[in-house]
**Student:** 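One structure follows; several queries about it will come next.
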Amino acid sequence: MVSALAARRRTLPGFGLTMGLTLSWLSVIILIPLAGLFLRSLELSPEQFWNILSSRRTLNALRVSFGLAFAAACVNLVMGSIIVWALVRYRFPARRLFDAIVDVPFALPTAVAGVALTALFAEKGWLGAPLAALGIKVAFTPVGIFVAMIFIGIPFVVRTVQPVLQDLDPEIEEAAGSLGASRWQTIIRVILPSLAPALLTGLALAFARAVGEYGSVIFIAGNLPNVSEIAPLLIVIRLSEFRYADATAIAVVMLVVSFVIIFAVNRLQRWAQSRIPER
């Protein structure tokens with residue numbers, strides 16, 4: 001087995017050089033900054049660390065960030081799948097235009113997105129006014145955070161699932177139908193298993209993007225402590241107060257929890273991919 005691995009490596013020209021550059025670049029860009037964050041947190045005693053994290057304001061900020069980010073990712077998973085299906089399987093006027101619009105949250109500055117969403121969903125905005133008449137307030141509430149997270153996360157699901165669905169041969173669905181499968185049976189037993197890894201990847205990417213979002217959220221959130229304050233904003237507040245220990249502790253918790261969730265989704269994605277029969 002060792003000789004086979006060595007032979008495989010020899011077939012790649014410059015393996016040692018490229019691997020060294022890869023590890024060096026990842027270390028400089030990712031590993032060293034993260035290590036610095038953890039080292040800074042080690043300056044706190046366990047009691048200090050716990051007191052910072054167990055404060056009511058910190059717990060509520062983490063709850064708002066992670067809870068709404070996961071809810072927004074789930075909504076994007078469902079709606080993004082529907083959008084992908086329409087863009088791939090149907091031909092209609094202005095389809096390419098709608099396909100391009102999906103990428104707008106990628107290119108739009110987050111602050112611009114936040115201002116636009118706030119103006120749109122304010123009590124006198126185009127959408128905020130009719131919602132306010134129904135007793136639903138969006139801007140400056142946790143609902144506004146939820147809307148902003150959906151806005152910035154939808155492209156991740158669409159662009160992750162779209163190429164997989166494009167490669168899925170429609171003849172497989174026709175074959176399932178010819179064998180007596182209903183439309184729902186075809187979707188559940190044929191299409192979804194093939195799309196599962198891509199769907200889980202899109203879910204993880206949308207969740208990670210929403211958890212760390214700052215610019216588009218602070219304008220529409222209201223930023224009320226214990227109500228509509230997100231964890232990234234609380235970190236910025238603690239830094240402006242020169243309470244670096246508090247900011248470091250919150251950042252470490254966000255990093256660890258995000259990594260654990262993404263790692264779990266990645267393992268689930270691998271499991272789902274292993275269940276797909278080879279064609």
Side-chain angles (χ1 to χ4, degrees), residues 56-87 90 92-95 97-159 161 184 187 199 202-234 236-237 261:
R56 180 168 174 258
R57 187 173 181 180
T58 301
L59 290 176
N60 285 327
L62 292 172
R63 176 183 57 81
V64 169
S65 289
F66 284 101
L68 292 180
F70 183 73
C74 290
V75 171
N76 281 330
L77 181 66
V78 176
M79 300 308 300
S81 301
I82 296 174
I83 293 173
V84 169
W85 187 266
L87 292 176
Y90 299 106
F92 51 90
R95 184 179 65 88
L97 175 62
F98 285 108
D99 188 51
I101 289 175
V102 172
D103 292 328
V104 169
F106 280 146
L108 194 66
T110 55
V112 175
V115 172
L117 291 173
T118 303
L120 186 64
F121 287 98
E123 291 191 3
K124 295 184 179 179
W126 290 351
L127 295 179
L131 290 174
L134 298 174
I136 302 174
K137 185 177 180 181
V138 177
F140 314 121
T141 68
V143 180
I145 301 175
F146 180 66
V147 171
M149 288 180 173
I150 291 176
F151 176 82
I152 55 96
I154 188 68
F156 290 92
V157 176
V158 174
R159 293 310 180 213
V161 179
W184 282 109
I187 292 175
L199 290 171
L203 175 70
L205 292 175
F207 170 78
R209 181 70 174 86
V211 166
E213 179 59 20
Y214 179 79
S216 64
V217 172
I218 58 172
F219 290 98
I220 197 172
N223 306 321
L224 297 177
N226 301 314
V227 178
S228 58
E229 185 178 58
I230 57 174
L233 175 61
L234 183 57
V236 173
I237 292 174
I261 293 175

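Residue numbers run from 1 in the order of the sequence given.
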**Student:** Find the distance between CG (Leu62) and CG (Leu234) and round it off to the nearest 0.5 Å.
**Tutor:** 8.0 Å

**Student:** Less than 4.5 Å apart, side chain to side chain, heavy atoms only: is that true for Val64 and Pro142?
**Tutor:** no

**Student:** Could you give the distance from CD1 (Ile218) to CD (Glu213), rounded to the nearest 0.5 Å?
**Tutor:** 9.0 Å

**Student:** Go through the structure and list residues passing side chain to side chain donor-acceptor pair (under 3.5 Å) with Arg57, not counting sequence neighbours.
**Tutor:** Glu229

**Student:** Measure from the side-chain N and O atoms of Ser228 to the backbone N and O of Asn223, and report whether any donor-acceptor pair falls under 3.5 Å.
**Tutor:** yes

**Student:** Once rounded to the nearest 0.5 Å, what's the spacing between atom CZ of Arg209 and atom CG of Leu205?
**Tutor:** 11.0 Å

**Student:** Please check this pair: side chain of Thr141 against backbone of Val138, looking for a donor-acceptor N/O pair closer than 3.5 Å.
**Tutor:** yes

**Student:** Going by the angle between their ring planes, with limits at 30° and 60°, are Phe207 and Phe70 parallel, tilted or perpendicular?
**Tutor:** perpendicular

**Student:** Only distances under 3.5 Å count here; give the side-chain donor-acceptor pairs of residues 146-159 to other protein atoms, sequence neighbours excluded, each with its distance to 0.1 Å.
**Tutor:**
| unit_1 | atom_1 | unit_2 | atom_2 | d |
| --- | --- | --- | --- | --- |
| Arg159 | NE | Asp103 | OD1 | 2.8 |
| Arg159 | NH1 | Asp99 | OD1 | 3.0 |
| Arg159 | NH1 | Gln162 | OE1 | 2.4 |
| Arg159 | NH2 | Asp99 | O | 2.4 |
| Arg159 | NH2 | Asp103 | OD1 | 3.3 |
| Arg159 | NH2 | Asp103 | OD2 | 3.0 |

**Student:** Please name the pair of heavy atoms, one in Ser216 and one in Ile220, separated by the smallest distance, quoted to 0.1 Å.
**Tutor:** O-CG2, 3.9 Å

**Student:** Considering all heavy atoms of both residues, which atom of Cys74 and which atom of Leu203 are nearest to each other, and what is their separation?
**Tutor:** N-CD1, 3.9 Å

**Student:** With a 4.5 Å heavy-atom cut-off, do Phe140 and Thr118 have their side chains touching?
**Tutor:** yes

**Student:** Any chance you could measure Leu224, atom CG, to Asn60, atom CG, to the nearest 0.5 Å?
**Tutor:** 12.0 Å

**Student:** At what distance, to the nearest 0.5 angstrom, does OG1 of Thr110 lie from OH of Tyr214?
**Tutor:** 10.0 Å

